[in-house]
Amino acid sequence: MSFKSLIDEIENNLHKILDGLSISDVSFSVEPAKSGFGDVSSNVSFLLAKHLKKNPKEIADILSEKYKQSQSTLVSKVESHPSGYLNFFANWEKLNQLILSESNLDEFGSVDLGKSSTIVVEHTSVNPNKALHIGHIRNIILGDAIARILKKSNYKVNILNYVDDSGLQVADIIVGFRHFGFALQPPQGKKFDHYCGDDVYVKTTEKYEKDPSLEEIRKNILKELEDGNSETAQFADKITRRVLENQLETCWNLGVYYDCLNFESQIIRSGLWGKIFEKLKELTLIEFENEGKNTGCWVIRGENNEEDKVIVRSNGTATYVAKDIPYAAWKLGLLEDPFNYQKYEKMQPGNHVLWQTTLMPSSEPKQNFTGKKVITVIDSRQARLQKIITTLMSKFKSAEDAYVHLSYESVTLSADTAQTLGLNTDGKQAQMSGRKGLYVNADSVYDLLKAKTIEETQKRHPEMIDSDIAKIAHNVSVGTLRYEMIKQDLDKIISFDLIKSLSLEGDTAPYIQYTFARASRIIEKSMRTPSLDVDFSLLTDKSELDLIKTIGMFDIHVMDAAKNLSPKVIARYCHDLAVTFNSFYEHVKVLDLGDEKLENSRLCLVNSFKLTLEKALNLLGIIAPDKM
RNA sequence: GGGCUGGUAGCUCAGCUUGGAUAGAGUGCUGGACUUCUAAUCCAGUGGUCGAGGGAUCGAAGCCCUCCCGGCCCGCCA
């Protein structure tokens, strides 16, 4: 509970005081104070000012007097500020001990929002016809961080990746291989997914543009893909699985793992659509159109002024949105599961087992990857379609918010980076496009970052062996990439700039990681094991108390991040922790003080900082290096 | 035209959900700090009509309304 214990204590006492004055129904705030205004502040007097028609300062005076009589163990002083705020000062001797000892526990920062319930997080879900680009990375990193935060909040999280292996985009590269003579082997040194995206896909779509009559070939291929037994479908399956494997390698390299892979082709062949179609009709969520422009179609009526949405075409086939309905229902466990499960051919790093669905018999036991709640991470361009799914799911399931579309703005290319790729945009940012070859592959960004961080690390540690340098550079590169994707608000566009993304200073992961390395170094040099058996009352310097306070704030931020599905809250917290530690580092020394008791107390604090920052960074999938 | 969304310092962004105390960071620019636990660091200075206008409020960057500017989405494509 940490710092929250203090807040809770104050809140309880204030409630008792208000009860004593027979005032209820006032939802005042009790929050960490701005610096210079004590440790915790409450706005209660402002709110009472309305009821009592007195000015806030007078009320604050009365309340602070009353508060002095209430039982409090963690508050040392109450002050009524001339502004009307009620400011509380902590009893640091007690709070120091409380926070620092709790921070040594593994579950420090954990909150019980989920109550052990199951939740599905679906992210990534990239067409298996190309390599992952920097835009996909935002989705992947966001989804991964959300999953980590939810785990910390006592949810049982199932992480899914939906592989759309039967769409038009796949058909396009199959056309390339089958009709335009692209070799099955990529040129030397090129990953297969890069080859499919950069060469086969881009050049094949170029050909359509020049000769629209080729569209006929594409249509035929798409038709053949739908029949799972066709030779084309089997060929496509081989290709998409090769691409998928490469895509997964990119994800794994970034420390992203999944629990299960779902394949669109299997969902189509499973017959789930038929079942959900019947259910939709039964519940009259869709209607058959007898007249107008959608004659012969099944549609969902548009709400308000929105147009009706066609779900089943007049030729009886399901549209794009429609295909998402059975999957959404499956994720919520609303349908009988038609799938068997088998392990993916490759083991994920760290021995995380990856399952995949299959329609073939399997010797493995049946698995369950559904959840009471479902979070689908897709960018905001799909908001309209996702709203349809969300509405439908809320009608299927009693819980209103069982299905959540976690929307985020897309990643665009900065004008400079677009220029580098050969597109002049007149100083404007540009939307990425796989079809036009206008994107930056994730692997390339990682490679550039790694080359730069290797160079930096070598400069600092000429004595270090190459494999150690590579390890540090890897952690810093992944950290940098992840942090850049997470620190920004979800509904703000990230304008990706190749040059600026290589910055390792300021509000970046390396800044935070470096701070961690500094702390590690102190402990390493002390030649001691930090212990909790120290005198906490020796920690009285402002920079020490600030650090303890910030450490104690961990769970508050985890709760905030989990409730609002907002990983940036954790990113800001990590940065905050690092800034506070750096201030501590500049203000007070830890070693060679000639006072062993004080040294031990400070070592204990440094260690608490380390443990907390490591846990917080872990929620973002960023590794805290002991040396860099 | 309708829907969603952004507009805060030269640039990139926090803060807005839950209205209150001097609107915060980073970056840039200027200057300073390594014989010291790692300078991927720290300190100081510089820089703001919180898009505009109106409203309710003792009090608005935040709430309500109108407007302006940018982005995205609106197919029996996927």
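Below, each value reflects all heavy atoms present in this structure, side chains not excepted, and no hydrogens, waters or symmetry copies. In this text the structure is predicted, and so the values were computed from the model without any measurement. Residue numbers begin at 1 in each chain, while the letters A, B, ... track the order of the sequences.
At the heavy-atom level, K428(A) lies under 4.0 Å from the strands shown only through sugar-phosphate atoms. Within 4.0 Å (heavy atoms only), A517(A) reaches at least one base atom of the nucleic acid. Within 4.0 Å of T457(A), counting heavy atoms only, lies at least one base atom of the nucleic acid. Within 4.0 Å of K500(A), counting heavy atoms only, lies no atom of the nucleic acid at all. Across all strands shown, L504(A) has heavy atoms under 4.0 Å from base atoms, whether or not it also approaches the sugar-phosphate. Among the heavy atoms of the strands lying under 4.0 Å from N294(A) is at least one base atom, whether or not backbone atoms are also near. At a threshold of 4.0 angstrom between heavy atoms, the contacts of L385(A) include nucleobase atoms, whether or not backbone atoms are also involved. Heavy atoms of Q431(A) sit under 4.0 angstrom from primed sugar atoms or phosphate atoms, though from no base atom. Note on S526(A): nothing from the nucleic acid sits closer than 4.0 angstrom, heavy atoms only. Contact annotation for S501(A): no contact, since no heavy-atom pair falls under 4.0 Å across all strands. Within 4.0 Å (heavy atoms only), F46(A) reaches at least one base atom of the nucleic acid. If you check every strand for non-hydrogen atoms under 4.0 Å, R384(A) touches a base.
Between the side chains of S41(A) and K34(A), no donor-acceptor pair of N or O atoms lies under 3.5 Å. Residues S520(A) and K627(A) have side chains that never bring a donor and an acceptor to within less than 3.5 angstrom of each other. Judged by distance alone, the side chains of R381(A) and Q431(A) do bring a donor and an acceptor atom under 3.5 Å apart. Side chain to side chain, S29(A) and N43(A) meet the donor-acceptor criterion of an N or O pair below 3.5 Å. Judged purely by distance below 3.5 Å, without hydrogens or angles, the side chains of S477(A) and T453(A) pair a donor atom with an acceptor atom. E289(A) and N294(A) are not linked by any side-chain donor-acceptor pair at a separation below 3.5 angstrom, with hydrogens and angles left out of the test. Side-chain contact check for Y162(A) and E264(A): at least one donor-acceptor pair (N or O, by modelled atom type) lies under 3.5 Å. A donor and an acceptor atom, one from each side chain of D560(A) and Y573(A), are nowhere located under 3.5 Å apart. With no hydrogens or angles considered, no side-chain donor-acceptor pair links S583(A) and T580(A) at under 3.5 Å.
Taking for each of A383(A) and E456(A) the nucleotide of RNA chain B with the nearest heavy atom, the 5'-most of the two is the partner of A383(A).
Interatomic distance, K500(A) NZ to F496(A) CZ, rounded to the nearest 0.5 Å: 11.5 Å.
For F37(A), the ring-ring contact (aromatic ring centres under 6.0 Å, His included) partners are H81(A), not counting sequence neighbours. Listed by chain and residue number, nothing satisfies the ring-ring contact (aromatic ring centres under 6.0 Å, His included) test with Y408(A) (two or more places apart in sequence, or in another chain). Residues satisfying the ring-ring contact (aromatic ring centres under 6.0 Å, His included) criterion with Y403(A), sequence neighbours excluded, are absent altogether.
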Which nucleotides of RNA chain B pair, in dot-bracket form (Watson-Crick or G-U under 3.5 Å, | meaning another strand): (((((((..((((......[...))))((((((.......))))))....(((((..]....))))))))))))....

Where protein sits on nucleotides 22-37 of chain B, one letter per nucleotide: B base, S sugar-phosphate only, - none, heavy atoms under 4.0 Å: B--SSS---------B

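Using a 4.0 Å cutoff on non-hydrogen atoms, the parts of residues 314-321 of chain A near RNA chain B are S314(A), Y320(A), ordered by number.
For Y511(A), the listed nucleotide lying nearest its side chain is C42(B); candidates were G6(B), C77(B), C42(B). The side chain of R313(A) lies closest to A78(B) when the candidates are U18(B), A78(B), A21(B). The N582(A) side chain lies nearest to C42(B) when the options are C76(B), C42(B), A14(B).
At whole-Å resolution of the value, CD1 in I494(A) and C1' in C13(B) are 11 Å apart. We find that CG of D308(A) is positioned 16 Å from P of C74(B), with the value rounded to whole Å. One atom, CG of D489(A), and another, P of C16(B), lie 10 Å apart when rounded to the nearest Å. Spacing between atom OH of Y573(A) and atom C1' of A14(B) amounts to 17 Å, rounded to whole angstrom units. If you take CG of D497(A) and C1' of C13(B), they are 15 Å apart, rounded to a whole angstrom. One interatomic measurement links the two molecules: NZ of K309(A) to P of G3(B), which rounds to 17 Å at whole-angstrom precision. Atom CG in N129(A) sits roughly 11 Å away from atom C1' in A78(B) (whole-Å rounding). Between the CD atom of E11(A) and the C1' atom of U18(B) there is a distance of 12 Å, rounded to whole Å.
Between Y85(A) and F46(A), the two ring planes are perpendicular [angle over 60°; tilted spans 30° to 60°].
G48(B) and C13(B) have their C1' atoms separated by 14 Å, with the value rounded to a whole Å. For the C1' atom pair drawn from U12(B) and G7(B), the interatomic distance equals 14 Å after rounding to whole Å. A gap of 26 Å separates the C1' atoms of C69(B) and G26(B), to the nearest Å. Of the C1' atoms belonging to C50(B) and C63(B), the separation is 16 Å, rounded to the nearest Å. The separation of G47(B) from G10(B), taken at their P atoms, amounts to 10 Å, rounded to a whole angstrom. Nucleotides U36(B) and G15(B), compared at atom C1', are 38 Å apart to the nearest Å. Between G19(B) and U41(B), the distance separating the two C1' atoms is 38 Å to the nearest Å. A39(B) and U46(B): their P atoms are spaced 27 Å apart (whole Å).
Close to C73(B), at under 4.0 Å from its OP1 or OP2, lies no side-chain N or O of K387(A). A close approach under 4.0 Å does not occur between any side-chain nitrogen or oxygen of Q169(A) and OP1 or OP2 of A78(B). Using a 4.0 Å cut-off, no side-chain N or O of K492(A) falls inside it from OP1 or OP2 of G71(B).
Nucleotide C16(B) is shown with an anti base, its glycosidic torsion being more than 90° from 0.
Here E599(A) does not pair with R602(A) in a salt bridge; the nearest charged N to carboxylate O distance is not below 4.0 Å.
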